[in-house]
Chemist: 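The structure is given below, and queries will be raised subsequently.
Throughout, a chain's letter reflects where its sequence line sits, starting with A, and its residues are numbered from 1.
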Number of protein chains: 2
Amino acid sequence: MPQRREVRDKVTIVEIADAAGVSKSTVSLVLTGRGSVKPETRERIRQAMDALGYVYNRGAANLRNTQSKIVGLVLNDLSNPFFAEFAIGVETVLQMAGYVAFMANTSESVVRQTQVMRMMREHGAGGIILCPALDTKPEDIAWAGGLDTALLVAIRRLPGVAASVVIPDNVAGAARVTRHLLNLGHKRIAYLGGMHSMVVRQDRFQGCAEAMAGAGQAIDPGLNIESMPTRDGGFTAMGSALALPDRPTAVVCYNDVVAIGAMLAAAKRGLVVGRDIAIVGFDDTSEARHVSPALTTIAVDAGGLGERAAAMLLERITNPASPATTHIGPADLVIRESCGAYQHALAAAG
Amino acid sequence: MPQRREVRDKVTIVEIADAAGVSKSTVSLVLTGRGSVKPETRERIRQAMDALGYVYNRGAANLRNTQSKIVGLVLNDLSNPFFAEFAIGVETVLQMAGYVAFMANTSESVVRQTQVMRMMREHGAGGIILCPALDTKPEDIAWAGGLDTALLVAIRRLPGVAASVVIPDNVAGAARVTRHLLNLGHKRIAYLGGMHSMVVRQDRFQGCAEAMAGAGQAIDPGLNIESMPTRDGGFTAMGSALALPDRPTAVVCYNDVVAIGAMLAAAKRGLVVGRDIAIVGFDDTSEARHVSPALTTIAVDAGGLGERAAAMLLERITNPASPATTHIGPADLVIRESCGAYQHALAAAG
DNA sequence: CCAATTTAATGGAACGTTCCATTTTATTCT
DNA sequence: AGAATAAAATGGAACGTTCCATTAAATTGG
């Protein structure tokens, strides 16, 4: 007696060929759209395909091709809306080009990052967009020189790595928002949040310091305070800033989430943000708009950076001879309430 | 004369074998860790691998295996922090199990959703977690009965589809928050946001209506107002609610983002939310905590749902005989300021 | 020390596709 | 109509791996 069939085995190209009374080569032709096949035959094959529920096996195809049509996107912190926006931008461009993104979240873990990138390469990713986890070392991506997988580093640049780069103009943005505070009359300005080892902090701090220098001022070293780049980090950093005998009158924060933590700390001490003290952020995440008072910050267009990153990577994939390039995106000042500009203007008018 | 070599071709298992003076079968053995090979030989092979920069070709391997170790995650709206949290939960569990997630964002487009799921199946995904785009029809995922790719539907259930399901307890959650409002003395309660065709809205509205009925009340049909499930949608829906001759005193919203839009509309009309009118949300996204006044809402633990979804899918992948199951996660009331409970308590005490 | 056993290592045939070199069939030109 | 050409269809050898059936080498037992 015939044994009950356990699992219907995958339907392949030759079964389609049999069903359509044609050779497997012909089926391949209609699949890839490469040769010329009689419309009538094509139709017969198409019908056989959905009748049998055929699904194309890209693994098998890539075995000959090398063209994998997949790219990896490695994010250090998907819970940060900034990176979600970035990812959406990447995805949009990729999907238009018929590529599919292989996305993964490392939660700032370098070992996870390594694992995930290995997996992606093993699956034949033609390129990887990497937003590196903290403490990523050049040797963690030693393969980057190779020709099989193109690498693009985004958001956090990675000194000493041969790869294309897409970042916002951190130093110009920080300089811009600092000048805004200087124009409002602030002199005693603090820089809050982020760890000293982060290149992004270095860049932003540098912009801030340059703007101060341009106005003949300098940042008091005691007002340059590190913290984790989190809400809690901002909260405690602001706490120590306010405990100082000579408080700052304005605070530029590493990013929006630090700024929001700092606002909480100020409020807790009875200060009205925007009146008693100015606080500004960086990134312009959607939270910046909805927090109260609304946060003055630097908009870097996360989605746009993502689109640009994807486009640049695609270019390098399709044309491997092209050199690695660097794109530095705009960083625009968005004035809201937390800097006190509005109240300042009122006072000037009144 | 020899032509300059264009691209170093991929190094394969047999090149490793040659370099290590061994057969390709032996290399395969150490790669898979299946047979027994002398430690000394294993070491020699390992060294050859990193000397030549070998990268495992999973496509080729899967050709024999069928075990792909990849699963797809299809999200309808990555820009919503709720789904980002969900995705992180999924990713965490998947990565522990040695799987890699293939993540894609559809932005509520059914055609994009179809494309992306086809791609994933073509790449050999063993399963797909789908947060369906609006207007997804059962026939859009007709393949779901097949045995090659397991399907799990999350967050928005999809009537008429043979798949496992993971959703929060929408009706219980909505009932709970509605009872809370009833306990605060509200009688004229509106339901705001979401389109009538969405099953999630149907469930939440049902919970709300049941709670009202339990208190001998009913929702005035004129206070059941549809809108897009966005901030703008909430804003305009609230606008029309407030334009009514007989205004609601409390509003339960489809989700947090609608609620935040509604709060803006109320504030614009000079109402103090939490005092002049109660507004509550659903989801407990991180924005709910930071908006002012802080939003009373229903917490559904997006991350936990994600973890559960991944675990359930993995179970079905490794054991295809197991039946499709449904998990309904908890929905807990989080009382903050926007419902006025605090002021209510003060008044009662004073 | 030889047989029996265990441990290591090896060919070679798949797996599902592509693509080159051919062959078959249809179309056009004089 | 017959030759020349163009269009359509086909075998079969890759691609990089796994795994079964073997063989070779090492270990054990009496």
Side-chain angles (χ1 to χ4, degrees), chain A residues 7-46 48-49 52-70 119 121-126 148-149, chain B residues 7-46 48-49 52-70 119 121-126 148-149:
Chain A
V7 169
R8 175 165 42 120
D9 36 24
K10 273 193 175 59
V11 17
T12 101
I13 208 179
V14 342
E15 298 176 51
I16 303 299
D18 290 354
V22 92
S23 80
K24 63 181 166 42
S25 304
T26 308
V27 179
S28 175
L29 254 28
V30 356
L31 241 22
T32 59
R34 254 186 264 277
S36 69
V37 17
K38 185 157 28 168
E40 170 182 279
T41 321
R42 186 195 312 278
E43 189 48 33
R44 199 149 30 91
I45 292 174
R46 282 259 149 73
M49 291 201 294
L52 301 191
Y54 171 72
V55 11
Y56 185 60
N57 185 334
R58 257 168 222 278
N62 290 160
L63 211 46
R64 303 243 2 177
N65 265 2
T66 305
Q67 323 239 41
S68 83
K69 288 285 187 186
I70 99 174
M119 273 273 194
R121 299 179 64 214
E122 290 178 357
H123 277 289
D148 43 350
T149 310
Chain B
V7 169
R8 175 164 43 119
D9 36 23
K10 273 192 177 59
V11 17
T12 102
I13 209 180
V14 345
E15 300 177 51
I16 303 299
D18 289 353
V22 91
S23 81
K24 64 179 165 41
S25 304
T26 308
V27 179
S28 175
L29 254 28
V30 356
L31 241 23
T32 59
R34 255 186 263 277
S36 70
V37 16
K38 187 157 29 168
E40 170 182 277
T41 322
R42 184 195 314 280
E43 190 47 33
R44 199 150 30 91
I45 292 175
R46 281 260 150 72
M49 293 201 294
L52 301 190
Y54 171 73
V55 11
Y56 186 59
N57 184 333
R58 257 168 222 280
N62 290 160
L63 210 46
R64 305 242 2 178
N65 265 3
T66 305
Q67 323 237 43
S68 82
K69 288 286 188 184
I70 100 173
M119 273 274 194
R121 298 178 64 213
E122 290 178 356
H123 277 290
D148 43 349
T149 311

Chemist: Which pair of non-hydrogen atoms, one from A/Ala17 and one from A/Lys24, has the smallest distance, and what is that distance?
Modeler: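 Smallest heavy-atom distance, with atoms named: CB-N, 3.6 Å.
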
Chemist: Under 3.5 Å between N/O atoms: give me all the protein pairs with nucleotides 4-7 of chain D, atom names plus distance.
Modeler:
none

Chemist: Quick one: CG on B/Asn62 to CZ on B/Arg64, what's the gap to the nearest 0.5 Å?
Modeler: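 Those atoms lie 12.5 Å apart.
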
Chemist: Starting from P on C/dG16, measure out to CG on B/Asn57 and report it in whole angstrom.
Modeler: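 Value for this atom pair: 16 Å.
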
Chemist: Looking at residues at least two apart in the chain, or sitting in another chain, which of them share a side chain to side chain contact (heavy atoms under 4.5 Å, CB included) with B/Ala61?
Modeler: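 Partners of B/Ala61 by the side chain to side chain contact (heavy atoms under 4.5 Å, CB included) criterion, ordered by chain and then number, come out as B/Tyr56.
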
Chemist: Do you see a donor-acceptor pair shorter than 3.5 Å between the side chains of A/Thr26 and A/Ser23?
Modeler: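 Yes - a donor-acceptor pair under 3.5 Å links their side chains.
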
Chemist: Could you give the CG-to-P distance, from A/Leu63 to D/dT17, as a whole number of Å?
Modeler: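 Rounded to whole Å, this separation is 9 Å.
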
Chemist: Quickly work out the A/Glu15 CD to C/dC15 C1' distance and round it to whole Å.
Modeler: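 Whole-Å distance recorded here is 13 Å.
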
Chemist: Using the side-chain contact (heavy atoms from CB on, under 4.5 Å) definition, which of the options B/Ile13, B/Asp18, B/Val11 pairs with B/Glu15?
Modeler: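 By the side-chain contact (heavy atoms from CB on, under 4.5 Å) criterion, B/Glu15 pairs with just one of B/Ile13, B/Asp18, B/Val11: B/Val11.
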
Chemist: Could you give the OH-to-C1' distance, from A/Tyr54 to C/dG16, as a whole number of Å?
Modeler: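 Checked: the OH to C1' distance equals 7 Å.
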
Chemist: Is the closest side-chain heavy-atom distance between B/Asn57 and A/Leu63 below 4.5 Å?
Modeler: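 Touching, per the 4.5 Å side-chain cut-off.
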
Chemist: Where along nucleotides 18-26 of chain C does protein come under 4.0 Å, by heavy atom, of base (B) or sugar-phosphate alone (S), with - for untouched nucleotides?
Modeler: BB-------

Chemist: Any heavy-atom pair between the side chains of B/Arg42 and B/Ile45 that's under 4.5 Å?
Modeler: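 Not touching, per the 4.5 Å side-chain cut-off.
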
Chemist: Both A/Val14 and B/Thr41 contact DNA chain C. Which one's nearest nucleotide lies toward the 5' end?
Modeler: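 Mapping each residue to its closest nucleotide by heavy atoms, the 5'-most match is B/Thr41.
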
Chemist: Are any of the side-chain heavy atoms of A/Val27 and A/Tyr54 separated by less than 4.5 Å?
Modeler: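 No; the side chains remain at least 4.5 Å from each other.
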
Chemist: What is the distance, to the nearest angstrom, from the CD1 atom on A/Ile45 to the P atom on D/dA8?
Modeler: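 About 13 Å, once rounded to whole Å.
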
Chemist: Quick one: pull up CD1 in A/Ile70 and CD1 in B/Ile70 and give me the separation to the nearest 0.5 Å.
Modeler: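 Here the interatomic distance stands at 7.0 Å.
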
Chemist: Return the value, rounded to whole Å, for the distance between atom NZ of B/Lys69 and atom C1' of D/dT17.
Modeler: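 My rounded result for the distance is 17 Å.
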
Chemist: Round to the nearest Å and state the distance from A/Arg58 atom CZ to D/dC15 atom C1'.
Modeler: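 Those two atoms, CZ and C1', are 17 Å apart.
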
Chemist: Counting only side-chain N and O atoms of A/Thr26, is one of them less than 4.0 Å from OP1 or OP2 of D/dT10?
Modeler: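 Affirmative; the distance criterion is met.
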
Chemist: Restricting to salt bridge (charged side-chain N to carboxylate O under 4.0 Å, His left out), what partner residues turn up for B/Glu122, sequence neighbours left out?
Modeler: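 Once residues adjacent in sequence are excluded, the partners of B/Glu122 under the salt bridge (charged side-chain N to carboxylate O under 4.0 Å, His left out) criterion are A/Arg58, B/Arg118.
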
Chemist: Holding to salt bridge (charged side-chain N to carboxylate O under 4.0 Å, His left out), I want the full list of residues that pass it with A/Arg121, two or more places apart in sequence or in another chain.
Modeler: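 Only A/Asp148 meet the salt bridge (charged side-chain N to carboxylate O under 4.0 Å, His left out) criterion with A/Arg121.
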
Chemist: Need the bend value for the helix from C/dC1-D/dG30 to C/dT30-D/dA1: angle between end axes, 5 pairs each end, nearest 10°.
Modeler: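 Inter-axis angle at the termini of the helix from C/dC1-D/dG30 to C/dT30-D/dA1: 30°.
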
